[in-house]
Visitor: 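Quick one: this structure, given as C-alpha cells, is what I'll be asking you about.
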Amino acid sequence: MDTRDLIYYSTLAPSGHNTQPWKFSVQDNIIRIYPDFDRTLSVVDPDNHALYISLGCALENLVISAKEDGSACRVGVFPDDENEECLRVTLTDESPAKEKDLYEAIPVRQSNRSMYDEQKIPPADMEKLLQANEQDTVVVKTFDAQGKDVDPVIELVKEAGRIQFNDDRFVEELISWIRFNKKEVQNNRDGLSAKVMGFPNVPRWLGRFIMKTFVTADREAEKTEKQIRSSSHLFLFICKKNDKKHWVDAGRGFQRVALTAASLGIAHAHLNMPCEVESVRKKLSAHLDLHPDEQPVLLIRLGYASRAPRSPRRPPEEVRIDS
Ligand SMILES: Cc1cc2nc3c(=O)[nH]c(=O)nc-3n(C[C@H](O)[C@H](O)[C@H](O)COP(=O)(O)O)c2cc1C
C-alpha cells in the first residue's frame with residue numbers, strides 16, 4: 001500500500017453532507033490531515049463540530065489502514081509544534097496489531113437512509129458495537145428503537161427536523177450540496193447525489209423545485225419516525241467536553257462503531273438533528289440529565305437493510321495539497 005492508497009482509504013470516511021472537509025500532506029513518514037475551511041456548513045454546523053468529527057473519521061480510517069499495511073501510527077491531535085492546525089500521523093516501524101475486519105469494512109461502510117426491516121441486533125453484536133468505541137472521552141448511549149424509552153428522543157428528532165426544514169437557510173445550504181444529476185456528481189465528486197437521496201436525475205432548477213415543494217417539514221418528520229421504528233437501536237455519541245479535541249475523538253469512536261456495524265452486516269444512518277439545533281440539544285441534554293460539560297454530538301440508527309447507492313469521493317490527488 002503506498003501513501004496514495006492510505007489517503008484513498010482515509011477519504012472513504014463519512015462527512016456531513018459529504019463535504020469531505022479535509023486536505024492531506026505527506027512528508028517522509030508523516031501524513032497530515034488539515035481541516036478544509038472552504039468546505040464548512042455554516043448553517044447546520046456553525047461551530048464546526050461536525051467538520052472535526054469528520055476529520056476524526058478520516059483519521060481513524062488512516063490509522064486502521066496503516067496498521068493493515070504493517071505500520072503502527074503515532075497520532076498527534078492538533079500538535080503545538082505545527083504551524084497550522086492539523087492531525088499528524090507518523091508511521092512507525094513498530095509491528096501493530098492488525099484489525100482486518102475493520103480494514104475490510106472501510107470500503108463497505110456506507111450511510112443507509114432507507115427503511116430498515118425491524119430485525120433486532122443480537123446482544124452479542126450490540127456488545128461488539130459498544131466495545132468498538134475506544135475513546136474514554138466519548139460516551140455512547142443506546143435506545144431500543146421499538147421500546148418506550150425512545151419516544152421522547154423521537155419527539156426531539158422530529159422537533160429539530162421541523163425547525164431545520166422550516167429554515168430557508170438550512171434548506172438552501174442542503175440544496176447547495178445536493179448533486180441533482182450525473183454531470184453534477186462527475187464534476188464535483190462530493191455532496192449528496194440524487195441516487196443517494198432517492199431522487200431521479202434532474203436538472204438543478206427542477207431538483208430545487210422538488211426540494212422546495214415536496215420535501216416539507218411535516219413529511220420529513222413523519223418519514224423520520226417510520227425510519228427510526230424500522231431500526232433496531234439508536235446510538236447517541238456524547239462528548240465529555242465540548243471542544244475540537246473531543247469532536248475528533250467522537251469521530252474516531254463513531255467510525256469504529258460504523259465499521260464494526262458494516263463488518264457485521266448492520267446498516268446505519270444519521271439522525272443528528274437534535275444535536276444540531278441548539279434549543280433542542282439543550283432539551284435532549286436535560287432529558288438525559290447530562291453534566292453541563294457533556295455534549296451530545298451524533299445520533300445514529302442501526303439495523304438491517306439492503307445496500308444503498310454509494311456516495312462519490314474526490315480522488316487523493318484532489319485532496320493533497322503538497323503535490
Ligand atoms: C459528522 C457527520 C454528520 C452527518 N450528518 C448527517 C445528517 O444529519 N443526515 C444524514 O442523512 N447524514 C448525515 N451524515 C452522513 C453523511 O451525509 C455521509 O457520510 C456522506 O454523505 C457520505 O456518505 P457515506 O457515509 O455513505 O460514505 C453525517 C456524517 C457525519 C460524519
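Given the structure is predicted, the values throughout are model-derived calculations rather than measurements. In listed order, ligands and their atoms are each counted from 1.
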Visitor: Report the part of Pro14 (side chain from C-beta onward, or backbone N, CA, C, O) that has a heavy atom under 4.0 Å from ligand 1; answer both or neither where that applies.
Guide: both
Visitor: Is there a donor-acceptor contact under 3.5 Å linking the side chains of Arg39 and Thr19?
Guide: no
Visitor: In a check of side chain to side chain contact (heavy atoms under 4.5 Å, CB included) between His49 and each of Leu298, Asp243, Val297, which one passes?
Guide: Val297
Visitor: Under a plain distance cut-off of 3.5 Å, with no hydrogens placed, do Thr216 and Asp218 share a side-chain donor-acceptor pair?
Guide: no
Visitor: What about Phe78 and Tyr52, are their ring centers closer than 6.0 Å?
Guide: yes
Visitor: When rounded to the nearest 0.5 angstrom, what distance separates CD1 in Ile154 from CZ in Phe143?
Guide: 10.5 Å
Visitor: How does Ile53 reach ligand 1, by side chain, by backbone, by both or by neither, if only non-hydrogen atoms under 4.0 Å count?
Guide: side chain
Visitor: Around atom 2 (C) of ligand 1, find the nearest protein heavy atom and jot down its residue, atom name and distance.
Guide: Gly16 N, 3.8 Å
Visitor: Could you please spell out the steps behind the side-chain hydrogen bond (donor to acceptor under 3.5 Å, both in side chains) verdict for Asn61 and Gln255?
Guide: CA-CA 8 Å; Asn61 273 8; Gln255 184 65 2; 2.8 Å; yes
Visitor: With heavy atoms of His17 as the reference, note each atom of ligand 1 found under 4.0 Å away.
Guide: 17 (O)
Visitor: So which protein heavy atom does atom 17 (O) of ligand 1 come closest to, and at what separation?
Guide: Arg113 NH2, 2.8 Å
Visitor: Establish, from distance only, whether the side-chain atoms of Asp249 and His246 form a donor-acceptor pair under 3.5 Å.
Guide: no
Visitor: Tell me: protein heavy atom nearest atom 14 (N) of ligand 1, and distance?
Guide: His270 CD2, 3.3 Å
Visitor: Distance to 0.1 Å, residue and atom name: give those for the protein heavy atom nearest to atom 4 (C) of ligand 1.
Guide: Asn272 ND2, 3.2 Å
Visitor: Check each of Ser15, Ala13, Gly191 against atom 16 (C) of ligand 1 and report the one with the nearest heavy atom.
Guide: Ser15
Visitor: Can you sort out which atoms of ligand 1 are near Ala50, meaning under 4.0 Å from one of its heavy atoms?
Guide: 1 (C)
Visitor: Given 3.5 Å as the limit, does a donor-acceptor pair link the side chain of Asp5 with the main chain of Asp2, or not?
Guide: yes
Visitor: Which ligand 1 atoms does Asn18 reach within 4.0 Å, using its non-hydrogen atoms?
Guide: 20 (C), 21 (O), 22 (C)
Visitor: Identify which of Glu276, Arg310, Gln110, Arg313 has a heavy atom lying nearest to atom 27 (O) of ligand 1.
Guide: Arg313
Visitor: How far is atom 26 (O) of ligand 1 from its nearest protein heavy atom, and which residue and atom is that?
Guide: Ser111 N, 2.8 Å
Visitor: Are His270 and Phe235 an aromatic pair, judged by ring center distance below 6.0 Å?
Guide: no
Visitor: Is there a donor in the side chain of Gln146 and an acceptor in the side chain of Glu118, or the other way round, less than 3.5 Å apart?
Guide: no
Visitor: Mind checking whether Leu192 contacts ligand 1 via backbone (N, CA, C, O), side chain (CB onward), both or neither, at a 4.0 Å heavy-atom cut-off?
Guide: side chain
Visitor: Just need the protein heavy atom nearest to atom 23 (O) of ligand 1, so name the residue and atom and give the distance.
Guide: Ser311 OG, 3.2 Å
Visitor: Any N or O of Ser54 that comes nearer than 3.5 Å to an N or O of ligand 1?
Guide: no
Visitor: At a 4.0 Å cut-off, with the gap strictly under it, does some heavy atom of Arg109 reach an atom of ligand 1?
Guide: yes
